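Below is one structure, written out as structure tokens, with a few remarks after it.
Note that the structure is a prediction, hence the values are computed from the model and not measured. Lettering follows sequence order; numbering is per chain, from 1.
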Protein chains: 2
Amino acid sequence: MSEHLGLDIGGAHLKASDGFTCRSVPFPLWKSPEKLTDELRRLIGQFPQARQIAATMTGELADCFESRAEGVREILSSLEEAAGSRAIRAWQTGGEFFTVAEADEFFELVASANWHALATWVGRADPGGNVLLVDFGSTTTDVIPIESEIPQPAGRTDLERLTSRELIYTGCRRTSLCSLCHEVEIDGRRYGVAAEHFATTHDVALVLETVAESPDSLDTADGRPADREHAFARLARMLCTDKDAFERTEWIRVAEQFQRAQEERIGTAIETVLNRWRCDPTVWVLAGEGEAILRKVIDNRQLAQNSRELVSLNEMLGASHSQAACAFALSRLSEERKL
Amino acid sequence: MSEHLGLDIGGAHLKASDGFTCRSVPFPLWKSPEKLTDELRRLIGQFPQARQIAATMTGELADCFESRAEGVREILSSLEEAAGSRAIRAWQTGGEFFTVAEADEFFELVASANWHALATWVGRADPGGNVLLVDFGSTTTDVIPIESEIPQPAGRTDLERLTSRELIYTGCRRTSLCSLCHEVEIDGRRYGVAAEHFATTHDVALVLETVAESPDSLDTADGRPADREHAFARLARMLCTDKDAFERTEWIRVAEQFQRAQEERIGTAIETVLNRWRCDPTVWVLAGEGEAILRKVIDNRQLAQNSRELVSLNEMLGASHSQAACAFALSRLSEERKL
């Protein structure tokens, strides 16, 4: 246990880590921002030793806020209420912590800065040489060059990173399949895809059996269990039909097409970042739930041929922290800087 | 007023028409299927003369139902309860009405048959010769060839129609922008687009001023008013930023790119249907909220050069019925067949 509690306040999850244990709580911020203070209070309460809170966020983009400035302000204000007498600092993409007042003033540096905290910690952990951090998370994917232990991104804000391709807003769990491709092929015919949130990349993973079923989880497009049978039904709904319209083998091929479309997007983005960087990474650090898919993309495109090794962040952190890597990183950065 | 009440039970709206007056009620079926009976009862109650109900649906695809068969059954069962002593028939894609028992048994013919009812009525109204009906609605687009007054689609179910391109699951109001394109250009730079339901095609129309503002409506991606200012904010969120990140003229160009992507999709589908049909339509009947965009697509691609005329369904029906064209068609078909 440590006095330094890292908090990552996202639009769909709240994550906390003191560098030893971590917690991840599903919390759809955009649906009930008024409950954020209570949720944060409960979460912080699980770390009674915490005296110093090191926060980052992506939740300011949730559309319950009129603007990102309002989002940063509201989230920090909820956090202040929840934190009581504990001190609060917010990570900023300049590579330091801000006080709450500074964070309010320079909200652009604090908004969606969690990737930068993680990249800073990875740099500090010094896997050696030039490092490319690729984090394929539930909602988004980050591709961050790190030189001499310091993140060297071409973009700092999400907007800049969407054009530098260091941010690809596609993930391995929450992403709507209709954002990936417009049509799929079955038995030689091409079918248009429904523009509805009927199924997500998590359903693709369930159908392809690259992720374990979690029948107790109802955090799916239709609110039904996150198991394979229901994933087939959700996938079928993308073509306005039922799962028995085709054999399972055909649906598996449909799932593969969605996955390939996403791999293509991520692979192209990684190549764009590498081409701009003009140096081969010595070490790749792969992170996020979709790490296995990243390895496949890197293999297929032979991107790491001149690299020394591919490191798993999950292994660096230990499995228990893989779900809350940014919060873990913040806890360590906070401790290191003796805030 | 007529004894014949047409009902179109969709996933997002309930629509009713007795051929003279019509009602359209927003009703998100997937969120509260248990309220369908009461909503239908209220709607039917507004037509006290109604003795005969002629129904069609698309709501069976809503993901509150495990399968489309269950959806058809549940919707008909709610309708029976709501209709009391009134007789009920359901339109089927064979071109006739079914009893409720028949509809339950042959649910594939009843599921999403509303386009067929409309095309049948358009054929009956006989604009003359070969007719192509193109209906660009809030959620989907239909392209239906009609010969000698009879619809001649290559597909009957939604699945078949997604491959025949007679159904394009993209609409001019509810469609998520992330389903339209993966990146947009601003000032020479290309930006990836967020895979979130942050903005819809209705926001594109608001930004481009091709639709009137409706500040009282909160039926938007973020639940904020359907006015132009909020549409700019929603559009900006697609790039993870605020509307003041760029000049208005730039955001207008972004909106145009989303619209062009959709026009491209619809134009290609129309050409596919025309190529298979191998005859030039004598008359085009254009329908749906997006009629003006359809005219642009047809003009730009010079698709109607050998056609006699382009007819507006809204003009054929009268403006008050344009929002409930399928329900209107059903009322007339029911009366004509003296059910």
Quiz item: So which of B/Cys181, B/Ala111, B/Ala194 has the biggest tally of heavy-atom pairs under 4.5 Å with chain A?
Solution: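 The candidate making the most pairs under 4.5 Å is B/Ala194.
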
Quiz item: Is it the side chain or the backbone of A/Ala236 that comes within 4.5 Å of chain B heavy atoms, both, or neither?
Solution: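 For A/Ala236, neither part sits under 4.5 Å from chain B.
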
Quiz prompt | Residue part contacting chain B, namely of A/Leu239, when any heavy atom lies under 4.5 Å | solution =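 Looking at A/Leu239, backbone and side chain both touch chain B.
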
Name the region of [X], side chain, backbone, both or neither, that has any atom closer than 4.5 Å to a heavy atom of chain A.
X	result
B/Ala269	neither
B/Ile186	neither
B/Leu159	both

Quiz item: Which distance, rounded to the nearest 0.5 Å, do you find between the CD1 of B/Ile168 and the CG of B/Leu162?
Solution: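 It comes to 9.5 Å.
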
Self-check item: CZ on B/Phe258 to CG on B/Leu235, rounded to 0.5 Å
Solution: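 Going from CG on B/Leu235 over to CZ on B/Phe258, the span is 6.0 Å.
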
Test item: [X] and [Y] side chains (from C-beta on) under 4.5 Å apart, heavy atoms:
X	Y	result
B/Leu36	B/Leu14	yes
A/Phe136	A/Ile266	yes
B/Ile75	B/Phe65	yes
B/Val207	B/Phe232	yes
B/Cys240	A/Leu61	yes

Cross-chain donor-acceptor list, chain B and chain A, 3.5 Å limit, no angles:
unit_1   : atom_1 : unit_2   : atom_2 : d
B/Asp63  : O      : A/Arg224 : NH1    : 2.7
B/Cys64  : O      : A/Arg224 : NH2    : 2.8
B/Phe65  : O      : A/Arg237 : NH2    : 2.9
B/Arg68  : N      : A/Asp242 : OD1    : 2.9
B/Arg68  : NH1    : A/Asp242 : OD2    : 3.0
B/Leu162 : O      : A/Gly192 : N      : 3.1
B/Thr163 : OG1    : A/Arg190 : O      : 2.8
B/Arg165 : NH1    : A/Glu183 : OE1    : 2.9
B/Arg165 : NH2    : A/Glu183 : OE1    : 3.0
B/Arg165 : NH2    : A/Arg190 : O      : 3.1
B/Tyr169 : O      : A/Ala195 : N      : 3.4
B/Tyr169 : OH     : A/Glu196 : OE2    : 2.7
B/Arg174 : NH1    : A/Glu196 : OE2    : 3.1
B/Arg174 : NH2    : A/Glu196 : OE1    : 3.3
B/Ser179 : O      : A/His182 : NE2    : 3.2
B/His182 : NE2    : A/Ser179 : O      : 3.2
B/His182 : NE2    : A/Arg265 : NH2    : 3.1
B/Glu183 : OE1    : A/Arg165 : NH1    : 2.9
B/Glu183 : OE1    : A/Arg165 : NH2    : 3.0
B/Arg190 : O      : A/Thr163 : OG1    : 2.8
B/Arg190 : O      : A/Arg165 : NH2    : 3.1
B/Gly192 : N      : A/Leu162 : O      : 3.1
B/Ala195 : N      : A/Tyr169 : O      : 3.4
B/Glu196 : OE1    : A/Arg174 : NH2    : 3.3
B/Glu196 : OE2    : A/Tyr169 : OH     : 2.7
B/Glu196 : OE2    : A/Arg174 : NH1    : 3.2
B/Arg224 : NH1    : A/Asp63  : O      : 2.7
B/Arg224 : NH2    : A/Cys64  : O      : 2.8
B/Arg237 : NH2    : A/Phe65  : O      : 2.9
B/Asp242 : OD1    : A/Arg68  : N      : 2.9
B/Asp242 : OD2    : A/Arg68  : NH1    : 2.9
B/Arg265 : NH2    : A/His182 : NE2    : 3.1

Exercise. Go through the structure and list residues passing side-chain contact (heavy atoms from CB on, under 4.5 Å) with A/Ala103, not counting sequence neighbours.
Key: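 A/Ala103 satisfies side-chain contact (heavy atoms from CB on, under 4.5 Å) with A/Leu76, A/Ala90, A/Phe98, A/Val110 only.
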
Quiz prompt | Least distance between heavy atoms, B/Ala195 atom then B/Cys178 atom | solution =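 The answer is CA-CB, 3.9 Å.
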
